[in-house]
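For reference, the structure is listed below as structure tokens.
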Amino acid sequence: MTDTVTLGGAINRGLRRSLEQDPKTVLLGEDIGKLGGVFRVTDGLLKDFGEHRVVDTPLAESSILGAAIGLSLRGYRPVVEVQFDGFVYVAFDQIVSQLAKMHARSGGALRMPVTLRLPYGGGIGAVEHHSESPEAYFAHTAGLRVVTPSNPVDGYWMIQQAIACDDPVVFLEPKRRYWDKADLDESGSAPAGLFEARVVRPGRDVTVVAYGPMVRTCLEAAAAAETDGVMLEVIDLRSLSPLDMDVVADSVERTGRCVVVHEATVFLGMGAELAARISQQCFYRLEAPVLRVGGFHTPYPPSKLEKHYLPDLDRVLDAVDRSLAHA
Amino acid sequence: MTDTVTLGGAINRGLRRSLEQDPKTVLLGEDIGKLGGVFRVTDGLLKDFGEHRVVDTPLAESSILGAAIGLSLRGYRPVVEVQFDGFVYVAFDQIVSQLAKMHARSGGALRMPVTLRLPYGGGIGAVEHHSESPEAYFAHTAGLRVVTPSNPVDGYWMIQQAIACDDPVVFLEPKRRYWDKADLDESGSAPAGLFEARVVRPGRDVTVVAYGPMVRTCLEAAAAAETDGVMLEVIDLRSLSPLDMDVVADSVERTGRCVVVHEATVFLGMGAELAARISQQCFYRLEAPVLRVGGFHTPYPPSKLEKHYLPDLDRVLDAVDRSLAHA
Amino acid sequence: MTDAEPIPGAPPPITGEGTFVQLLTPEGERLHHPEYDLELSDDDYRSLFRDLVLVRRIDAEATALQRQGELGLWASLLGQEAAQVGAGRALRPADMAFPTYREHGVAWCRGIDPLTLLGLFRGTTNGGWRPDEHRFALYTIVIGDQCPQAVGYAMGIQLDGAEEAVMVFFGDGASSQGDVNESFIWASVFNAPVVFFCQNNQWAISEPLERQTRIPLYQRANGFGFPGIRVDGNDVLATLAVTTAMMQRAREGGGPSLIEAYTYRMGAHTTSDDPTRYRLGSDVEAWKLRDPIERLRSFLYKQQLVDAAFFAALDEEAEALAVHLRDGVRALPDPSTGSMFDHAYAEPHAQVDADRADFEAYLAGFAEEAR
Amino acid sequence: MTDAEPIPGAPPPITGEGTFVQLLTPEGERLHHPEYDLELSDDDYRSLFRDLVLVRRIDAEATALQRQGELGLWASLLGQEAAQVGAGRALRPADMAFPTYREHGVAWCRGIDPLTLLGLFRGTTNGGWRPDEHRFALYTIVIGDQCPQAVGYAMGIQLDGAEEAVMVFFGDGASSQGDVNESFIWASVFNAPVVFFCQNNQWAISEPLERQTRIPLYQRANGFGFPGIRVDGNDVLATLAVTTAMMQRAREGGGPSLIEAYTYRMGAHTTSDDPTRYRLGSDVEAWKLRDPIERLRSFLYKQQLVDAAFFAALDEEAEALAVHLRDGVRALPDPSTGSMFDHAYAEPHAQVDADRADFEAYLAGFAEEAR
Ligand SMILES: Cc1ncc(C[n+]2csc(CCOP(=O)(O)OP(=O)(O)O)c2C)c(N)n1
Ligand SMILES: Cc1ncc(C[n+]2csc(CCOP(=O)(O)OP(=O)(O)O)c2C)c(N)n1
Ligand SMILES: [Mg+2]
Ligand SMILES: [Mg+2]
């Protein structure tokens, strides 16, 4: 039975299913109750699961994470929403010093099955602090896992997989894709593991690696490139920590060229790790240096400028051209 | 007139000179007054400059940074000490959302000449949270500058340059080198710009890039390698944001090989950015992939294990060997 | 101002009347208060009324401009005009204010052209005005972050030995943030000249006050050792009186204080919000009876301080302001693409320079193609 | 417990006597309190004394072991034995405690072998015990972080409908952290079964209490709507009485409370610290007269509850404990290098696996060379 759902709607359904299947699943966040979250991702859950399992909290992100840790210690499986990317820094200490390290600190005795849901990325014309891409901060933090769906089907399955995971998972939701639609069959089982990358479009000329919001952009670029006879292979990483390097390296071994695309600032963004790794793993195969397309080394600009700041089809294709220019 | 000073002592003298020369310089931190800081880096400054300019604050790092921002808005030039690397995350929001972005937000009208002094790194047998290497979090953050001295002479000059800089500077102090000594001549002028890298040992075979605590380790490795006839060129980055790529690329163009060394976890550590960049800039010259030596993808271990976690002479030389193994 | 101590275990109902300072009833009756009172001239009354009306007009116009697509977002101050104008008018030129994102009324009092505010919500800037010139910090969007900054600034005043004070604005929701509570501690420990002005508009987006506190917010100050006062935030006179007194106290070395302005967010949280999902229209209706403008209008009428000409002139002024905003907003230039790179740092930064060069080369490539 | 309201502008002197609950004077005189009292058997008294003595002995032994180089660091509880034993003994087996890094006395009451504590300070582990089995969370070193966690755990108790409560420990310095104040808000809003137990030992490393607050710390609770009580933290009876009452209140749904245990850090902050740089020996001397053990010893003597045989047996027990620690700490095995990789994640993580494989290959390289 297949339904057409948006990404936001798919995550909502995934949350609902987790709430149904495991009574230990509880949701915490600001405005997730009656309002259903500012993006309506928790719409209807308060009504159906009650205010003990869908908890509107005081306006204090550090304590949201701290409380989630405490609930984990009590055997719960908390799913936390931080309303926007730019507000997660307030909770950074609880995330980095406590959530990420508790399992190791306890020598494996304690588990932190916390899912941190975080709408991220730009492109929605928002005011400051509502368009950030903080994924590298989390991926650099040992003890955390970081994943991000790019489409509704992944959104539905990955949120459930993240909640089921016994490690803390930062679940990054590409907010500008919340309204993207796809057909979802809830009756099947997850099409892929939570930490697997996927080739979402095969091609022989250049490997384009993306995740979250940029997957669609890269698919569009690939379609445009095809009209010029250039066949891009697009990889959706899905997981940023760990990285599924097998899929990436396998592709680059075939194409010999690679472009990594993300919204986050290039300097020490995910592209840095990917470029470093691909340059090493595919050292003798690379025909051009791995190129990176991403945000500039500036704070996210006022929204009137974001179309210039954010990678788009043209900037992806420009990098593809520069890659191909290497003989 | 030359004196022998430790790194901690040199920074102390640099702070003193800044306090003397600019009445707008104020110091904020925990235990920086009578105690002189847990590493005694502010020793004697309260006595000589008074409690209005050397302020022992409440135990609240987020507010230390917030207050520094407020003082900047009032025309002051605050120098903030956060006692240990592991306690800076509490202030992450003020650093990332406010300190880093204020100048851009104001369209250049406001300046944030804040220096954040942060002892960092391991190797002193400390308990948890006292051995972290958070530099990548800061270097990834546009709007911040990140520097780190590796020796007393740099410590003396760089702290003054950092304080004089009109941008926020994260000044990372390699705590396990606090007691390293060198001769300091206070009468001269700074031997290099704050954002310049330096070749601290020339060599023809492999470029070894390090900063902060690892510079000494790499110099020791270079001395050992020399006995085997391998000549390492060691670069002290000094600045992590911006990176002085000219010095690095120039060296790799000569050696064709590069190893990057740091204590921080390798995944998305500074080595990722350097490897990505070198692999691109020196694409046709590299004879081996850029190799990275650093912390594992685990939380910093209990101190009995840190000798295994931290890069040492052997691990640097092992990477050098692996680099040279590429024909 | 007396108030029952909180009863452990049994949260007292959170209400306004009887706990707050009021100088003007909703019916426009002028009250007097033993501690906080005001001597105002006729002109003062009229000018306060003018500010309230113009500020509301700015807000209405901005809301309309958002609907027309000229702004990406607008955070309406509807219902909070008196709290903001009262507080804003208590500031002296040399004092400093640290706002949230909703203090359009205070901005007005600080002499900031409201058009400048629209830039932020249109997305042409993340700031807009010169905080040093207007003594009005940039809007702060991350809840609570401005509070420790305000205390730091106030410590700077102390270092300078100046007779100035700081007012920092925040909401009922913000009162739960760690930074806000830390700033209470710092202000108290350093006896900093700062007035904490909390507009309790009863809502933090969809969350009612009960999610942030079990006792009246002004009592928070009891835990930190400085006075907490609740004022009728829909009464511009009371707000002006209390803020004037507390600012003067701070300037004179009396230290910090907390003022809770008891008010109501009449509109949506922002234009993106849909309050029908979480609150009753009847609550909003009840609060309409406490409208901050109507009560002053009644008072002015009763006192015969105004006539038809006054209102006509004010209407005209409001209309001109509206035209200024409507025309101005459309004329606001988009920032240049290069401006992204201009102000990331105050001094040159190699990475920014490289990014700028790459971007310019990229743009030049298009130009070339186009030729 | 009555207490003057804070006087705005003029911080009252921060003293102990007269503001706290005391059941045993420094001279060993047994007092009674209208609200908080205890019915204790002779055995109870003796067993409390035993705990105090053994806990102090653990501390002395650990300090010595640090000097001998067996521990990297030790955070002494000297002077705080009564606060910790009193609070620790108020916990029921099913209750949960969240400590800082100094709660060795509470750990003792939770049945944790003190040798386990030494592992953390020796650097063989960052944890050591099973929090789920002992209902005693791991030590928290980042100041204040445990407080929101404690509230979260308490919310879990509510979800489970269990009759349990949480006690969370923190210091006077910690009271300034945002997270600690946020946890007061959460506990109040959710009426969570949590007792905030603040050991005010007058110092946060080198900073005296005046750097954290201008009013007595127990009054912080006034700002959050739950009771705050100051207890003589050098009086194990008073501490036990007050914590027992507040824990029971919490278990029964009465909600949170704040207890300030007024005490003194007799030693250095840790073995790395040098208190002569910032405080007077005479202050420490004055506090010696309030020693928590001596007053109970006097009481036991006066009541003739003990004889020479009791002390001899206790000495012997303490000596055996010391031997256990001395021998045990040297025998603590260093963790295996592989253990770094074992518990970074609960489930397999490709990066950790790769790092482990690389590291093993690297080690194997040495082994090969050696052959
Ligand atoms: C740290 C942080 N968390 C969440 C948000 C999202 N957010 C914006 S406004 C708001 C509610 C603020 O409520 P209140 O402080 O009462 O101010 P009001 O909007 O009512 O004026 C929230 C949760 C934010 N801006 N910053
Ligand atoms: C967030 C944070 N900042 C700084 C430190 C360093 N530090 C360790 S203990 C301490 C003082 C704590 O004082 P208090 O809370 O009174 O506890 P006490 O040590 O007196 O038991 C400080 C500043 C820390 N551990 N965590
Ligand atoms: Mg509000
Ligand atoms: Mg203390």
Side-chain angles (χ1 to χ4, degrees), chain C residues 2-12 14 144-145 147-148 172-192 207-229 246 249-250 252-258, chain D residues 2-12 14 144-145 147-148 172-192 207-229 246 249-250 252-258:
Chain C
T2 54
D3 202 81
E5 276 304 301
I7 305 146
I14 297 174
D145 277 9
C147 293
D172 46 303
S175 70
S176 293
Q177 276 289 0
D179 270 18
V180 176
N181 292 277
E182 287 183 5
S183 72
F184 296 157
I185 292 167
W186 283 57
S188 169
V189 163
F190 294 112
N191 202 39
E207 298 195 13
L209 186 62
E210 290 74 19
R211 285 282 138 165
Q212 318 293 345
T213 184
R214 292 172 75 207
I215 59 170
L217 274 179
Y218 70 95
Q219 295 180 3
R220 177 71 52 84
N222 295 342
F224 297 89
F226 52 81
I229 302 142
M246 290 297 109
R249 178 177 181 278
E252 289 168 356
S257 54
L258 168 65
Chain D
T2 54
D3 203 80
E5 277 302 303
I7 305 146
I14 296 173
D145 277 9
C147 293
D172 45 303
S175 70
S176 294
Q177 276 288 0
D179 270 19
V180 176
N181 292 278
E182 287 183 6
S183 72
F184 296 157
I185 292 167
W186 283 57
S188 171
V189 164
F190 294 113
N191 201 39
E207 298 195 12
L209 185 62
E210 290 73 16
R211 285 281 137 165
Q212 317 295 344
T213 184
R214 292 171 77 207
I215 58 170
L217 274 178
Y218 70 94
Q219 295 181 3
R220 177 71 53 84
N222 294 344
F224 297 88
F226 51 81
I229 303 141
M246 290 298 108
R249 179 176 180 277
E252 289 168 356
S257 53
L258 169 64

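Within every chain, numbering begins at 1; the chains are lettered A, B, ... in the order of the sequence lines, protein sequences first and strands thereafter. Model, not experiment: these values are computed from the prediction.
- Remark: D/Asn222 CG to C/Gln219 CD distance equals 9.0 Å, nearest 0.5 Å.
- By number of non-hydrogen pairs under 4.5 angstrom with chain D, the leading residue of C/Val189, C/Val180, C/Leu217, C/Asp179 is C/Val189.
- Under the side-chain contact (heavy atoms from CB on, under 4.5 Å) criterion, D/Ser257 pairs with D/Val195, D/Pro227, D/Met246, D/Arg249, not counting sequence neighbours.
- C/Phe184 does not touch chain D: none of its heavy atoms, backbone or side chain, sits under 4.5 Å away.
- Listed for the C/Asn191 side chain is a donor-acceptor partner under 3.5 Å among the backbone atoms of C/Gly253.
- Of all the listed residues (D/Gly178, D/Ser183, D/Gly255), the one sharing the greatest number of non-hydrogen pairs under 4.5 Å with chain C is D/Gly178.
- Contact of C/Gln177 with chain D is made through backbone and side chain together, with heavy-atom distances under 4.5 Å.
- For the pair D/Ser188 (side chain) and D/Phe224 (backbone), a donor-acceptor distance under 3.5 Å is present.
- At a 4.5 Å heavy-atom cutoff, the contact between D/Ser175 and chain C is made by backbone atoms alone.
- The salt bridge (charged side-chain N to carboxylate O under 4.0 Å, His left out) test applied to C/Arg220 returns no partner, not counting sequence neighbours.
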